[in-house]
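These notes concern the structure reproduced below.
Heavy atoms only: backbone and side chains are in, while hydrogens, waters and symmetry mates are out. Throughout, a chain's letter reflects where its sequence line sits, starting with A, and its residues are numbered from 1.
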There are 2 protein chains.
Amino acid sequence: MKYDLTKKRSRSAQRTLDAFSEAMLTLIGQKNFEKININELCDLSNFPRATFYNYFDDKFDLLDYCWYLLIAEAHLDELSNKPQYTLLEACNYAFDHVYDLFKHREVLLKAIVANNSPTGSLITSFITSVRFTTRQLFYQYFDTQKNNLPTKLVADHVSNTILLLIEWIFLKNHDVSKAEAHNYIEKFLGNLC
Amino acid sequence: MKYDLTKKRSRSAQRTLDAFSEAMLTLIGQKNFEKININELCDLSNFPRATFYNYFDDKFDLLDYCWYLLIAEAHLDELSNKPQYTLLEACNYAFDHVYDLFKHREVLLKAIVANNSPTGSLITSFITSVRFTTRQLFYQYFDTQKNNLPTKLVADHVSNTILLLIEWIFLKNHDVSKAEAHNYIEKFLGNLC
DNA sequence: TCTAAATTTAGACAAACGTCAAAATCTAGA
DNA sequence: TCTAGATTTTGACGTTTGTCTAAATTTAGA
């Protein structure tokens with residue numbers, strides 16, 4: 001990403017980021033990501049091409065920024081306020097937040113899934129993005145815990161398990177309640193808790 | 001992929017497929033996948049652009065074909081000759097075959113990893129490709145087994161666990177022997193066996 | 001409010017993409 | 001070996017990409 005998200009944003013920079021991400025989210029809800037081009041995003045957001053390239057490397061980069069915004073809505077970082085949780089509780093907590101995000105954003109996400117192949121680059125990049133965020137979260141969270149297994153390996157395994165269920169429920173369309181999902185998670189992670 | 005891999009290939013078609021996949025494998029061992037363009041592949045393989053587009057949609061498509069060839073070298077399908085295996089044995093068996101593939105193709109794969117970011121699209125697509133193959137394998141394999149969990153969900157979980165260790169060992173460069181890996185797998189899957 | 005610095009915009013550019021129709025060449029079966 | 005059908009190649013085409021420069025505009029501090 002060309003634009004530095006860590007520095008404080010001017011009002012116009014924020015406007016530009018908002019406009020492009022909103023345009024992208026609108027378009028991927030309407031058509032296949034592969035078919036979207038930069039001019040289309042510029043037309044919809046009413047910004048010139050050069051401005052797009054001031055902020056983003058390419059459309060994949062903008063897509064990543066969209067995922068970043070969307071995942072932020074899950075407030076996964078609140079897990080750091082629950083240091084007393086067991087591994088299983090932390091896992092259920094993270095799962096619930098992602099599950100709620102999917103329910104809350106159901107209209108948008110269903111439209112995206114309807115327009116984009118489950119094995120295409122859009123869905124892959126979304127899953128990869130959530131997986132990455134969850135892994136980072138658990139790297140921090142398990143930091144102080146003791147285990148005879150490598151901490152990061154366990155964190156990755158736990159993240160994979162959460163993502164597996166998210167895929168199963170929302171991408172492969174299986175009707176699973178939160179409680180049932182918790183049951184699955186416990187069976188999958190049982191030995192580690 | 002434009003070319004139908006299921007139909008029998010003419011000699012020239014096989015030559016073309018070989019040349020392009022070899023050119024791609026050579027190039028990704030030398031430079032970053034993002035920087036490779038179609039003309040470069042055509043120069044190296046001595047085929048015209050239009051021939052490339054006769055066979056492949058784009059460079060990602062050719063890359064997928066390369067992964068298909070590489071993964072075939074692991075002979076994962078031989079698992080179907082071992083119907084008596086437990087879930088854990090089957091998992092170790094599949095892991096071993098992928099592990100051996102990485103050892104056997106170490107020079108090529110290390111060069112690829114050295115030239116391509118672990119979070120970039122090349123590595124992601126490779127991992128996704130192996131994951132997909134492993135999942136398909138276990139969908140077949142567990143087909144007749146009984147479990148109070150959905151068969152495909154278990155197959156996906158098992159595949160994820162194998163891939164987790166492959167990533168851990170070969171992409172994140174942790175020195176883990178086969179025996180140690182089997183130990184990890186048992187701890188991660190313990191409850192399901 | 002004014003001004004200097006930073007950012008955005010317009011427009012043009014070369015390079016790469018992906019498609020096409022017609023010509024050349026290959027292939028498999030008689 | 002010959003030939004009809006299928007495939008590959010050629011070369012050209014319009015589109016999209018990503019970069020660049022100079023002009024216009026916006027920003028933030030005095």
* What is the per-nucleotide protein-contact pattern of nucleotides 15-30 of chain C, from the 5' end, where B denotes a base atom under 4.0 Å from a protein heavy atom, S denotes such proximity for sugar-phosphate atoms only, and - denotes neither? -> -SBBBB------S---

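A straight line from CD of A/Gln14 to P of D/dT26 spans 18 Å, rounded to a whole angstrom. Note: CD (B/Glu34) to P (D/dT17) measures 16 Å, nearest angstrom. The nearest whole Å value for the distance from the NZ atom in B/Lys35 to the P atom in D/dT17 is 18 Å. Rounding to whole angstrom units, CZ of residue A/Phe20 and C1' of C/dT8 are separated by 11 Å. Between the CG atom of A/Asn54 and the P atom of D/dT25 there is a distance of 17 Å, rounded to whole Å. Distance, A/Asp4 CG to C/dA6 P: 16 Å, rounded to whole Å.
Atom-to-atom distance recorded for A/Asp57:CG and A/Phe52:CZ is 8.5 Å, nearest 0.5 angstrom. Taking OG of B/Ser45 as the start and CZ of B/Phe20 as the end, the distance is 4.0 Å to the nearest 0.5 Å. The distance from atom CG of A/Leu27 to atom NZ of A/Lys35, rounded to the nearest 0.5 Å, is 14.5 Å.
Checked for salt-bridge contact, B/Lys59 and B/Asp64 miss the test: no charged N lies under 4.0 Å from a carboxylate O. In this structure, B/Arg135 pairs ionically with A/Glu167, as a charged nitrogen and a carboxylate oxygen lie closer than 4.0 Å.
Geometrically, A/Lys2 does not engage A/Tyr55 in a cation-pi contact, judged by NZ or CZ lying under 6.0 Å from the ring centre and within 45° of the ring axis.
For D/dT7, neither phosphate oxygen OP1 nor OP2 lies less than 4.0 angstrom from any side-chain nitrogen or oxygen of B/Tyr3. For the pair A/Lys7 and C/dA6, the criterion of a side-chain N or O lying under 4.0 Å from OP1 or OP2 is not met.
Residue contacts for A/Phe56: at a heavy-atom cut-off of 4.0 Å it reaches no nucleic acid atom on any strand shown.
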